[in-house]
There are 2 protein chains.
Amino acid sequence: MEGSAARPRTRIQTQKRETILEAALEVFSTHGFRGSTIDQIAAAAGMSKPNLLYYFRRKEDIFTTLIQRLLDTWLAPLRELDDEGDPLTELRSYIRRKIEMARDYPRESRIFANEILQGAPRILPMLEGELKQLVDEKAVIIRGWMRSGRIARTDPYHLIFSIWATTQHYADFDVQVRAVLGPDRGGDGRFEDAARFLEQLFVDGLRPKG
Amino acid sequence: MEGSAARPRTRIQTQKRETILEAALEVFSTHGFRGSTIDQIAAAAGMSKPNLLYYFRRKEDIFTTLIQRLLDTWLAPLRELDDEGDPLTELRSYIRRKIEMARDYPRESRIFANEILQGAPRILPMLEGELKQLVDEKAVIIRGWMRSGRIARTDPYHLIFSIWATTQHYADFDVQVRAVLGPDRGGDGRFEDAARFLEQLFVDGLRPKG
DNA sequence: CTAACCTTTGTCCATTCGGTCAAAAATGCG
DNA sequence: CGCATTTTTGACCGAATGGACAAAGGTTAG
């Protein structure tokens, strides 16, 4: 049977494909799609290039499979934003979850950043579809909070963008963050500091006036 | 005489090197260093590959020359942050300048983003040197404003990071921003909307309490 | 055991890419 | 003009890369 079929049958296939995707995440996230080679991924996965190509016919198949799977994980925090909750608490939790993801899953963040930076040639449909739809939904919720005066009136889309930007910054631009903070402050504490700063900024910035 | 010498003598050399750097900015900013080819740059500059290599011996020489020149432009807005001015006004102007740069010079932003995403292999010294030094200076100023109670107490480094992140987001992730905003709101107005949102967020978020 | 199927590998190929080189063309100068 | 210097180009090279393929090695069920 064809190994690279969409639905792997055997346990060994599932497992090896998993190994490959993990290796691909590592490689793609640091070099981008074009900068990564099949050999690198194969080496990281501990197998030969032809063997890897038995499980995924083309380099691009690895990438698209990987990124499709990642998108769900990546959007999970926003999905959890709850209409029913207290607005400032909800937003604070969202920020905290996003910072934790930047800390714990920086590769996932970087792989998206890399792709989008280059014009999102392979994932534009996802951005215009799944992503836009989710953001539209949540923007309605946020606007509702604003209308009822529970947070300050502002643009919900740019609010979401700014949360994405500030939190993912600590994954995507980690080298720069550490370079600027220097050896003293660039340690593990930087995520906690960032979380505190951002929660303060957004909570104070969004607290309803008057 | 050797064309690729550090100091070009003739007018034609200066001019052609300029043409190459402009073309390189275009190419590097969309594909990153590794993803860009000398042929692409040569084509964009309207000359043959060997001719380009007459002016710059190696691909990396083009990149480092370009990025060294860009750094000054890129840091100019932060340099202008003035000790003497009114804190909130100064920060508001800084944000506005940065948004304008994201709108008018997105390629410059992307070239840095690309490089840093990949671990800043070619510019790490600049980040640890020039950049860190400038940020350290400005952090002192900002901390002074906090001490005197003119803005809320918080972490000046993360404040600067968050301004970078939010403003550059509109250059680096432009495709995503436009995809999410959709055809209606994704037009030219998005930068103005972003500027308004960010000024409000930071001014309200930093206004001294009590 | 053996036949059918799954997995792995060595080898090979066409293309792309960074870079070289020598020769040709253009330019500047006395 | 005539010579020297600068600029441009076509041809070429070795290394890297994505991918194909057939043969070899394993595994499993009857």
Side-chain angles (χ1 to χ4, degrees), chain A residues 1-24 26-28 30-67 114-115 118 121-122, chain B residues 1-24 26-28 30-67 114-115 118 121-122:
Chain A
M1 194 226 133
E2 202 66 36
S4 47
R7 290 275 174 95
R9 304 283 159 78
T10 74
R11 192 164 304 152
I12 201 171
Q13 283 206 3
T14 317
Q15 192 180 321
K16 291 248 167 173
R17 283 173 67 100
E18 222 54 47
T19 308
I20 292 169
L21 289 175
E22 160 62 27
E26 183 67 29
V27 176
F28 280 140
T30 49
H31 302 107
F33 179 78
R34 266 199 77 176
S36 304
T37 72
I38 302 185
D39 279 303
Q40 285 173 342
I41 301 174
M47 59 181 76
S48 66
K49 181 168 69 167
N51 195 9
L52 183 148
L53 284 169
Y54 170 73
Y55 293 100
F56 292 91
R57 251 196 202 70
R58 297 174 310 154
K59 184 181 166 185
E60 211 174 309
D61 292 347
I62 313 175
F63 188 83
T64 54
T65 305
L66 180 61
I67 224 162
N114 250 316
E115 179 67 7
Q118 272 149 53
R122 280 162 288 268
Chain B
M1 194 222 135
E2 202 66 38
S4 47
R7 291 274 173 96
R9 303 283 158 80
T10 74
R11 192 165 304 153
I12 202 171
Q13 283 208 4
T14 317
Q15 192 181 321
K16 291 248 166 171
R17 282 174 67 101
E18 221 54 47
T19 308
I20 292 170
L21 289 175
E22 159 62 29
E26 184 67 30
V27 176
F28 280 139
T30 49
H31 302 107
F33 180 78
R34 264 198 81 174
S36 304
T37 72
I38 301 185
D39 278 304
Q40 285 172 343
I41 301 174
M47 60 180 76
S48 66
K49 180 169 69 167
N51 195 10
L52 183 149
L53 284 168
Y54 171 71
Y55 292 101
F56 291 90
R57 251 196 200 71
R58 297 175 311 154
K59 184 182 168 186
E60 213 175 305
D61 292 347
I62 313 176
F63 188 83
T64 53
T65 305
L66 180 61
I67 225 162
N114 250 315
E115 178 68 7
Q118 274 150 51
R122 279 163 288 269

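Below, read A as the first sequence line, B as the second, and so on, with proteins coming before strands; counting in each chain starts at 1.
- Residues A/Ile20 and A/Ala45 come closest through the heavy atom pair CA-CB, 4.2 Å.
- When the side-chain nitrogen and oxygen atoms of B/Tyr54 are compared with OP1 and OP2 of D/dT8, none of them lie within a distance under 4.0 Å.
- Among A/Leu52, A/Leu53, A/Ile67, the single residue meeting the side-chain contact (heavy atoms from CB on, under 4.5 Å) criterion with A/Ile62 is A/Leu52.
- Dashed line: the shortest gap from a side-chain N or O of B/Ser48 to OP1 or OP2 of D/dT9 is under 4.0 Å.
- Proximity of a side-chain donor or acceptor of A/Gln13 to a complementary backbone N or O of A/Tyr55 within less than 3.5 Å is not detected.
- A/Tyr55 places its OH atom 20 Å from the P atom of D/dG18, with the value rounded to the nearest Å.
- C/dT20 atom P lies 10 Å from atom CG of B/Asp61, rounded to whole Å.
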Short N/O separations, protein against nucleotides 23-27 of chain D, under 3.5 angstrom:
none

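- Here the closest non-hydrogen pair linking A/Asn51 and A/Met47 is ND2-CB, 3.9 Å.
- The shortest heavy-atom contact between A/Thr65 and A/Asp61 is OG1-O, 2.6 Å.
- Rounded to whole Å, atom P of D/dC21 lies 11 Å from atom CZ of A/Arg57.
- For the pair A/Arg58 CZ and D/dC21 C1', the interatomic distance rounds to 18 Å; values are reported in whole Å.
- Of the residues near DNA chain D, B/Lys16 and A/Ser36, the one whose nearest nucleotide (by heavy atom distance) lies more toward the 5' end is B/Lys16.
- Rounded to an integer number of Å, the gap from CD1 of A/Ile41 to P of D/dT17 is 12 Å.
- Whole-Å rounding puts the A/Leu53 CG to C/dC12 C1' distance at 14 Å.
- Taking NZ of A/Lys59 as the start and CZ of A/Phe33 as the end, the distance is 4.5 Å to the nearest 0.5 Å.
- Residue B/Asn51 has no polar side-chain atom (N or O) positioned under 4.0 Å from OP1 or OP2 of D/dT7.
- Between the P atom of C/dC17 and the NZ atom of B/Lys59 lies a distance of 9 Å, rounded to the nearest Å.
- Residue A/Lys49 is classed as a base contact, given a heavy-atom separation below 4.0 Å to a base.
- Between the P atom of D/dA20 and the CZ atom of A/Phe56 lies a distance of 15 Å, rounded to the nearest Å.
- Heavy-atom nearest nucleotides on DNA chain C were determined for A/Pro50 and for A/Arg34, and the one closer to the 5' end corresponds to A/Pro50.
- Applying the side-chain contact (heavy atoms from CB on, under 4.5 Å) test to B/Ser36 and every residue at least two apart in sequence or in another chain returns B/Val27, B/Phe28, B/His31, B/Gln40.
- Heavy-atom distances to DNA chain C give each of A/Met47 and B/Glu60 a nearest nucleotide, and the one nearer the 5′ end belongs to A/Met47.
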